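Predicted model, so just to flag it, every value in this text is computed and none were measured. The first residue in the sequence is number 1, and the count goes up from there.
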Amino acid sequence: MHSTNGQNLVFVPSGDPIEIAPNSFGNKALRMVLNAEEEPVIAFGTNGHLYVTRWESGSGQFSDPIEIDPNENVFMSDSEGPRMASQGDYIILTYQLSGQWADGARSVHSTDGGLTWSEPVPMVTNPSEDHFMPCVAIDDDGNPFAGVKVGNNPATIYEGILHSPDGGMTWLDAVNASDAADGNAMCECCPSLPFWAEGRYYDLVRNNNSNMRDFWLMSSADGANWSDAIDIDPTDWMISSCPASGPTLAGPVNDSEYLVAFMSAGGASGQSRVYVSQVDLAANDGAGAWLLTEPVTLNQFENATQNVPVFAQWNGGDSPLVALAWEQNTSGYDIQLAISNGSDLVLTDIAQNITEEWSGQHRRPAIAFSTDDDGQAKLHLAWQHSASGTIHYMSGSVTTPSIVICFAEPEPQIMQESSGVRIQLTEGWMPARWNVWDITGRLVETGSYDPFEGAWIPNDRLPSHAIIGVETENGARWAQSIQRMGQ
């Protein structure tokens with residue numbers, strides 16, 4: 001069964017969006033996590049002021065916002081501003097004091113699901129150079145650790161890791177996490193993504209290798225010695241300025257395999273587009289291995305710019321649900337959402353425009369999954385509404401679309417041989433065209449499917465990593481990524 005747009009899952013809102021707070025509280029630096037009761041906890045604010053609100057299940061509304069560190073001028077920026085992580089009812093929020101780039105990194109934490117918050121804790125003491133933009137995660141012991149940009153010279157800035165041994169009460173000095181990556185510097189204003197997985201510490205950072213801006217995965221067994229780094233972004237974007245856009249993560253989706261989404265303008269279109277890389281964290285003794293990279297749109301949008309991807313994952317079913325949201329400017333900003341089942345994951349060309357029926361500009365989404373009272377997936381979605389100056393929020397369910405085209409025959413088959421690839425279609429998929437794209441989304445081969453001879457693509461016409469797609473005249477689409485044999 002295939003939908004007319006190739007998507008097998010859609011988001012169904014439970015109602016219209018609501019504002020989480022009046023516009024006097026602002027809408028910058030939106031972050032969202034869930035507490036142990038699976039209630040959304042949202043951080044946001046306006047210039048100099050950082051607030052936190054939580055969903056109150058009893059009253060069915062968001063609480064009055066609590067200001068964090070009200071006596072200080074908090075640095076509020078959509079890309080470089082505060083970050084948040086949660087583990088049950090333990091939530092930690094990190095931020096920077098404006099103008100205090102060397103020693104102004106701060107953390108606050110909550111142990112009751114966002115109801116109350118600790119006093120601010122300095123994350124850096126007696127620094128000799130800037131420590132900027134702390135991005136936080138939590139390890140398996142319940143202790144936070146944070147990636148931070150260390151240095152005053154953009155040509156030599158490195159990724160430091162700050163570690164708290166006591167639940168955020170104190171912080172140790174930063175250690176260099178990026179020495180094993182190519183080049184001499186990290187992007188100075190692209191947020192990093194530290195995370196704990198497969199029994200190790202990891203950190204995803206956009207590298208700056210002589211103005212090649214691509215993402216690297218660094219890892220450490222103990223959080224102190226960061227000796228491993230792999231390149232997970234083959235788009236090789238060359239740009240002389242910092243893109244100020246970071247990655248997002250989902251997984252595991254299959255054993256030890258994880259998904260990383262990011263924005264790059266290194267593809268054939270030259271526009272900023274969202275890409276998804278697949279990595280196996282168990283490979284190479286935990287250092288990880290890059291498997292493939294795919295764009296989230298190939299045919300669906302011809303003239304659009306995309307940015308700020310965010311993942312969410314639900315593990316309550318037989319296999320994980322993965323949702324990817326991003327902002328997209330086609331004829332104005334809207335929130336696009338792709339949802340797929342982890343057992344047969346497809347995120348390319350299935351985007352659903354969530355906000356097209358509402359006026360204004362809709363930007364910088366945040367998403368999270370919980371489980372509803374019936375044991376089904378519930379998706380929480382918040383975003384920045386530019387016209388009102390507020391954060392909009394809504395939730396809803398995930399279901400199959402109501403309009404589908406049924407094919408009695410099996411899905412297309414891709415058969416790899418030593419000298420090429422053969423596409424085989426059954427009657428329900430004809431007439432159709434086949435397409436081959438490289439990992440940047442550039443169309444390299446296309447043709448009409450011949451029902452008598454099939455479709456044969458020799459290796460000399462295939463990129464080393466390719467996406468092969470089939471599209472019928474009635475609009476059904478199917479695609480699969482492959483690696484050319486012999487690579």
Q | Short side-chain to backbone donor-acceptor contact, Asp374 and Gln376, under 3.5 Å | A | no

Q) Just by modelled atom types, is the Leu34 backbone N or O under 3.5 Å from a matching donor or acceptor in the Ser86 side chain? A) yes

Q: Classify the side-chain pair Ser59/Glu56 by whether it contains a donor and acceptor separated by less than 3.5 Å.
A: yes

**Q.** Side-chain touch Met76/Thr46, heavy atoms, less than 4.5 angstrom
**A.** no

Which side-chain N or O atoms in residues 118-129 pair as donor and acceptor under 3.5 Å with protein atoms at least two apart or in another chain?
from, atom 1, to, atom 2, distance (Å)
Ser118, OG, His109, N, 3.0
Ser118, OG, His109, ND1, 3.4

(Q) Regarding Thr297 and Gln306, do their side chains bring together a donor and an acceptor under 3.5 Å, going by distance alone? (A) yes

Q: Would you check if there is a donor-acceptor pair between the side chains of Asn225 and Ser220 at a distance under 3.5 Å?
A: no

Q: Indicate whether the side chain of Asn307 and that of Ser245 have a donor and an acceptor atom separated by less than 3.5 Å.
A: yes

Q. Side chains of Trp101 and Ser98: do they bring a donor and an acceptor to under 3.5 Å?
A. no

(Q) Taking CG in Asn184 as the centre, count heavy atoms belonging to other residues, nucleotides or ligands within less than 6.0 Å. Is the count above 12? (A) no

Q) With Tyr333, which residues qualify under ring pair (Phe, Tyr, Trp, His ring centres under 6.0 Å), at least two apart? A) none

(Q) Is a donor from one side chain sitting under 3.5 angstrom from an acceptor on the other, for Ser397 and Thr399? (A) no

(Q) I'd like to know if the side chain of Asn284 and the backbone of Ala287 have a donor-acceptor N/O pair within less than 3.5 Å. (A) no

Q) Just by distance, do the side chain of Lys28 and the backbone of Leu50 share a donor-acceptor pair under 3.5 Å? A) no

(Q) Filter on ring pair (Phe, Tyr, Trp, His ring centres under 6.0 Å), then keep only pairs touching residues 243-265, sequence neighbours left out; what's left? (A) Phe215-Phe262

Q: Answer yes if the side chains of Ser192 and Glu159 hold a donor-acceptor pair under 3.5 Å, and no otherwise.
A: yes

(Q) Please list all pairs meeting salt bridge (charged side-chain N to carboxylate O under 4.0 Å, His left out) that have one or both residues in residues 66-91, counting only residues at least two apart or in different chains. (A) Asp78-Arg364

Q. Is Ile92 close to Ile138 at the side-chain level, that is, under 4.5 Å between some pair of heavy atoms?
A. yes

**Q.** Pairwise side-chain contact, Asp173 with Val175, heavy-atom cut-off 4.5 Å (strictly under)
**A.** no

(Q) Regarding Ser319 and Asn341, do their side chains bring together a donor and an acceptor under 3.5 Å, going by distance alone? (A) yes

Q: Using a 4.5 Å cut-off on heavy atoms from C-beta on, say whether the side chain of Leu97 contacts that of Phe75.
A: no

Q.
For a quick check under 3.5 Å, do Trp314 and Thr371 share a side-chain donor-acceptor pair by atom type?
A. yes

Q. Hey, are the side chains of Leu337 and Ile335 touching, using non-hydrogen atoms and a 4.5 Å cut-off?
A. no

Q.
Any salt bridge linking Glu327 with Arg363? Criterion: basic side-chain nitrogen under 4.0 Å from a carboxylate oxygen.
A. yes

Q) Out of curiosity, Arg54 CZ to Phe62 CZ, how far, rounded to the nearest 0.5 Å? A) 10.5 Å

Q.
Tell me which pairs pass ring pair (Phe, Tyr, Trp, His ring centres under 6.0 Å) where either residue lies in residues 144-185, with sequence neighbours left out.
A. Phe145-Tyr201, His163-Tyr201

Q) Does some side-chain heavy atom of Asp182 sit less than 4.5 Å from a side-chain heavy atom of Asp231? A) no

Q. Can you find a heavy atom in the side chain of Ile42 that is under 4.5 Å from one in the side chain of Leu30?
A. yes

Q: Determine the sole option in Glu38, His380, Glu39 for which the side chain to side chain donor-acceptor pair (under 3.5 Å) test with Ser370 is passed.
A: His380

(Q) Quick one, Leu259 and Val253 - any side-chain contact, counting heavy atoms below 4.5 Å? (A) yes

Q) Any salt bridge (charged side-chain N to carboxylate O under 4.0 Å, His left out) pairs touching residues 195-204, not counting sequence neighbours? A) Arg200-Asp228

Q) Does Asp233 use its side chain to pair, donor to acceptor, with the backbone of Thr235 at less than 3.5 Å? A) yes

Q) Distance only, no hydrogens: is a donor on one side chain within 3.5 Å (strictly under) of an acceptor on the other, for Asp334 and Thr355? A) yes

